[in-house]
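Written out below as structure tokens is the structure these notes cover.
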Amino acid sequence: MGENSNVNLPPGFRFYPTDEELVVHFLQRKAALLPCHPDVIPDLELYPLDPWELDGKALCEGNQWYFYSRRTHNRSTRNGYWEPMGIDEPVVNSISSKRVGMKRYLVFYIGEGGPAAIKTNWIMQEYRLSGSDSGTGKSSKRGGHSKIDYNKWVVCRVYERNCNEDEDDDGTELSCLDEVFLSLDDMDEISCDDGAKYFSRS
């Protein structure tokens with residue numbers, strides 16, 4: 001997708017999806033080949049790109065970048081690689097408590113691996129559907145009119161962690177999940193007071 005395609009929000013709006021919304025409203029519909037409104041998250045081949053190259057290519061909101069990517073085990077980029085950290089975290093439906101997806105934390109390292117690799121402050125949260133854990137990979141929906149390829153897509157949230165700040169520019173407190181899963185300080189996703197909305201008026 002081109003650098004200027006579907007990467008900007010309408011004036012006055014900000015993008016604040018919860019984990020559940022990213023999986024259910026965006027990723028699930030993407031995998032099922034269903035239209036998604038608003039269609040603002042672009043497709044991007046992540047792994048040839050270093051994280052600082054995402055600006056202008058992914059959907060940017062504040063210090064966070066969002067995009068869809070094809071699922072792959074190759075997490076090497078031009079100058080480094082993404083390393084999974086900790087354990088995967090389940091994403092659950094807020095009403096039924098049923099697991100709808102999984103969230104994986106990764107940290108970016110500069111270098112080719114080993115002791116010489118340099119750990120950076122770049123963090124990625126990679127979301128996949130729960131069905132991607134199954135061996136089939138595909139399931140039918142709506143009487144077979146739509147095929148869900150669970151293994152094909154993930155949706156990613158990338159940001160550069162600021163070691164000197166525990167709050168964002170608006171004073172909104174950030175989650176401490178990264179401290180649990182990454183052994184880093186608090187810097188997860190921007191929380192949203194109204195979990196039913198993806199956007200808020202600025």
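The basis for the numbers below is simple: all heavy atoms, side chains too, and nothing from hydrogens, waters or symmetry mates.
A donor-acceptor pair under 3.5 Å is formed between the side chain of N93 and the backbone N or O of S96. With hydrogens and angles disregarded, no donor-acceptor distance shorter than 3.5 Å links the side chain of S69 to the backbone of V154. Distance alone, capped at 3.5 Å, is enough to place a donor-acceptor pair between the R29 side chain and the P35 backbone. Looking at S130, its side chain does come within 3.5 Å of a backbone N or O of G101 through a donor-acceptor pair.
Taking 4.5 Å as the limit, every side-chain heavy atom of M102 sits out of range of all side-chain heavy atoms of E89. Proximity of D50 to W122: side-chain heavy atoms (C-beta onward) are nowhere separated by under 4.5 Å. In this structure, L106 and I123 have side chains that are not in contact, with every pair of non-hydrogen atoms separated by 4.5 Å or more. In this structure, the side chains of W65 and C156 stay at 4.5 Å or more apart for every pair of heavy atoms. Residues C60 and D55 form a side-chain contact, since some pair of their non-hydrogen atoms from C-beta on lies under 4.5 Å apart. Counting heavy atoms from C-beta on, the side chains of K98 and V92 never come closer than 4.5 Å. Between F67 and L54 there is a side-chain heavy-atom pair separated by less than 4.5 Å. In this structure, the side chains of W153 and L27 come closer than 4.5 Å at one or more pairs of heavy atoms.
One finds the CD1 atom of I110 at 14.5 Å from the CZ atom of R78 (value rounded to the nearest 0.5 Å). Separating the NZ atom in K103 from the CD atom in E20 is a distance of 12.5 Å, to the nearest 0.5 Å. Between T120 atom OG1 and N79 atom CG the span is 11.5 Å, to the nearest 0.5 Å. Rounding to the nearest 0.5 Å places OG1 of T72 at 11.0 Å from CZ of R70.
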Exercise for the section: Take L22 and Y66, measure what side-chain contact (heavy atoms from CB on, under 4.5 Å) needs, and give me the verdict at the end. Expected result: CA-CA 10 Å; L22 276 176; Y66 298 85; 4.1 Å; yes

* Q28 and L129: CA distance, side-chain angles, deciding distance, side-chain contact (heavy atoms from CB on, under 4.5 Å) verdict -> CA-CA 7 Å; Q28 194 172 81; L129 296 173; 4.1 Å; yes

Stepwise side-chain contact (heavy atoms from CB on, under 4.5 Å) test for L49 and T77:
CA-CA 5 Å; L49 298 174; T77 70; 5.9 Å; no

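For the residue pair A58 and P42, the shortest heavy atom distance occurs at CA-CG, 3.9 Å. Summarising the geometry of G111 relative to Y81, their closest heavy-atom pair is O-CD2, 3.4 Å, with the distance given to 0.1 Å.
The salt bridge (Lys or Arg N to Asp or Glu O under 4.0 Å) test applied to E126 returns R75, not counting sequence neighbours. Contacts of E83 classified as salt bridge (Lys or Arg N to Asp or Glu O under 4.0 Å), with partners at least two apart in sequence or in another chain: none. Residues passing the ring-ring contact (aromatic ring centres under 6.0 Å, His included) test with F108, sequence neighbours excluded: W52, W82.
Of the charged side-chain nitrogens involved, at least one lies within less than 4.0 Å of a carboxylate oxygen, so that D88 and R104 count as a salt-bridged pair. For the pair D43 and K30, the salt-bridge criterion is met [side-chain N within less than 4.0 Å of a carboxylate O].
Aromatic pair Y159/Y105: centroids not less than 6.0 angstrom apart.
For E53, the CD atom counts as densely surrounded, since its 6.0 Å shell holds more than 12 non-hydrogen atoms of other residues, nucleotides or ligands.
The closest side-chain donor-acceptor pair between R157 and Y127 falls under 3.5 angstrom.
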